[in-house]
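As structure tokens, the structure follows; a few thoughts come after it.
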Amino acid sequence: MSLFLCVDCGGSKTSAVIADRSGTILGRALGGPSNFSYMSAAAFTDAVRVAVSNALKTCVSPPSIDPVSLPPNTEIFASAWFGISGVDSLAAIANASAVLSALLGIPLGPRLVVANDTHLLAAPLRLHPDIKHAVAAIAGTGSCVVSFQHEPSGMLSELARTGGWGWILGDEGGGFHVGRETMRQMMYDAARSSLGMEPLPPSSLKAKVLETFGIEGVDNAPEVLPVVHLPEPSTEEAAASVPSYLLVAREKRLSQLAPLVFEAAFKDKDPFALNVLRVCAEGLADQIAMLSREPGEDPSLKPRAVEANEAMLCFGGSLVGIEDYRALIREALAKKGHVFKYVEFVDDAAAAGAVALASLGRT
């Protein structure tokens, strides 16, 4: 059976899509989080197993009511392409490839492609024969920016990358950054108040954040600091005596604030929330700009950089799925002199990857 599998493994979910040789999508399914750097190999494999097994239900003959067991008894995949969040080194690629090869029954080699999840976002580059470069920018729970070149073979080769350093060191423009910047600016405003400066206008975002963590009154905003820094309880007995938000992993306490920030910024028109998003958009724009060069800039300064006006910018991830936020990022890029020839939001990276993989199988 000639099936082409593409799996998008992210910090929030696993998306598996299966296409036939014509590029028709036959099956798809979702699984739990599968960021390779944040979980054990066994937990990663289980998340992928759930997604792929369920996607296969409509691809076998006769269709199955139950998930299809893996590894399969017969060879069913012509090839597979995995874009995995947290796979940022050759060692990580090798480790992920080994467990996926065993899970799917695909031998290590050209039929099993394992790369960072940004690779899937650049798939639309193949649809634009007038250009050969793309920059893929992911901003969901975390963030990462990677540039690519379209090779004559039809494959995409990675040119350069930045970001993807995790919530402590980076993730500019992603959910962690949005939550962290919200907290930082709340603390900064509390410092202004301690100086006796003129009070700032009320903020719907500040009210939402304080309510989330059970804090009354904006003057008590510094009480959010334990929310950021206290670790999760280590025992069931300890867990029974703390607020529910402290049961959430510390990084998730920050990233789960992102929906509140977007609602306050774009629905409530809260200036405080909008400023938070401008700062975050600027951070992601800085990373995109790092991999680009302006028209007329000396190529020897950044030999592997791409010229934006002759390249494509591919967005992916839940946050940049919001058009108003993408507009802030593009506005920040334009101020830096980087205007891309094409800009696209890839809503379904796994589907785009499966179709692209099938097209390579026809050549």
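FYI, the numbering just counts along the sequence from 1. For the numbers below, each heavy atom of this structure counts, side chains included, while hydrogens, waters and symmetry mates do not. The structure displayed is predicted, hence computed values, not measured ones.
- With rounding to the nearest 0.5 angstrom, the CG atom of N35 is 10.0 Å from the OG1 atom of T14.
- With hydrogens and angles left out, the side-chain atoms of S255 and T141 include no donor and acceptor closer than 3.5 Å.
- Sparse packing is recorded around CD1 of I65, with 12 or fewer heavy atoms of other residues, nucleotides or ligands lying under 6.0 Å away.
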Test side chain to side chain contact (heavy atoms under 4.5 Å, CB included) on D171 and S143 and set out the steps. CA-CA 5 Å; D171 281 334; S143 71; 4.2 Å; yes
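- Other residues, nucleotides and ligands contribute over 12 non-hydrogen atoms within 6.0 Å of the CZ atom of R192.
- Using a 4.5 Å heavy-atom threshold, the side chains of F4 and R21 count as touching.
- Heavy atoms from other residues, nucleotides or ligands lying under 6.0 Å from CE of M290 number 12 at most.
- Note that CZ of F340 is 10.0 Å distant from CD1 of I131, once rounded to the nearest 0.5 Å.
- Screening L56, I106, L104, L5 for a side chain to side chain contact (heavy atoms under 4.5 Å, CB included) with I76, the sole residue that qualifies is L56.
- Using a 4.5 Å cut-off between side-chain heavy atoms of Ile, Leu, Val, Met, Phe, Trp and Tyr, with links allowed through other members, V261 and L200 fall into different hydrophobic clusters.
- Put simply, the side chain of K336 reaches to within 4.5 Å of the side chain of D286, judged on heavy atoms.
- The CG atom of L277 sits 10.0 Å away from atom NE2 of H177, with the distance rounded to the nearest 0.5 Å.
- Hydrophobic clustering keeps L120 apart from V346 (ILVMFWY residues linked when any side-chain heavy atoms are closer than 4.5 Å, directly or through intermediates).
- Here the side chains of S79 and V113 are not in contact, with every heavy-atom distance at 4.5 Å or above.
- Between C9 and V48, the closest side-chain pair of non-hydrogen atoms falls below 4.5 Å.
- Note: F36 CZ to I93 CD1 = 10.5 Å, rounded to the nearest 0.5 Å.
- Remark: K208 does not engage E211 in a salt bridge, criterion side-chain N to carboxylate O under 4.0 Å.
- Classification of K206 and D189 as a salt-bridged pair holds, one side-chain N sitting under 4.0 Å from a carboxylate O.
- Under a hydrophobic-cluster definition in which Ile, Leu, Val, Met, Phe, Trp and Tyr are linked whenever side-chain heavy atoms come within less than 4.5 Å, directly or via other members, I322 and L121 are assigned to different clusters.
- No side-chain N or O of H133 forms a donor-acceptor pair with one of E310 less than 3.5 Å apart.
- Distance alone, capped at 3.5 Å, is enough to place a donor-acceptor pair between the S147 side chain and the A160 backbone.
- More than 12 heavy atoms of other residues, nucleotides or ligands shown are found within 6.0 angstrom of CZ on R49.
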Output, in order, the C-alpha distance, side-chain angles, deciding distance and verdict of salt bridge (charged side-chain N to carboxylate O under 4.0 Å, His left out) for E282 and R278. CA-CA 6 Å; E282 182 80 20; R278 287 191 187 280; over 6 Å; no
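- Note that CD of Q287 and CD1 of I329 are 11.0 Å apart. Values are rounded to the nearest 0.5 Å.
- Residues E158 and T118 fail the side-chain proximity criterion, which asks for heavy atoms closer than 4.5 Å.
- A heavy-atom distance below 4.5 Å is not found between the side chains of V227 and T212.
- Salt bridge K13/D8: absent, no basic N to carboxylate O contact under 4.0 Å.
- With sequence neighbours left out, the side chain to side chain contact (heavy atoms under 4.5 Å, CB included) criterion links D130 to H128, K341, Y342.
- For the pair R184 and M187, the minimum side-chain heavy-atom distance is 4.5 Å or more.
- Linking ILVMFWY side-chain heavy atoms closer than 4.5 Å, directly or via other members, places V7 and I84 in a single hydrophobic cluster.
- Put simply, CG on L260 and CG on D270 are 11.5 Å apart, with the number rounded to the nearest 0.5 Å.
- Put simply, V68 and L26 are part of the same group of oily side chains (I, L, V, M, F, W, Y) that touch within less than 4.5 Å, one to the next.
- Environment of CG in L301: crowded, with over 12 heavy atoms of neighbouring residues, nucleotides or ligands closer than 6.0 Å.
- Between V320 and L284 the shortest side-chain heavy-atom distance falls below 4.5 Å.
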Worked check of side chain to side chain contact (heavy atoms under 4.5 Å, CB included) between V178 and L257: CA-CA 8 Å; V178 170; L257 297 178; over 6 Å; no
Do R28 and D348 pass the salt bridge (charged side-chain N to carboxylate O under 4.0 Å, His left out) test, and can you show the C-alpha distance, the side-chain angles, and the key distance before you say yes or no? CA-CA 11 Å; R28 60 167 66 232; D348 193 342; 2.8 Å; yes
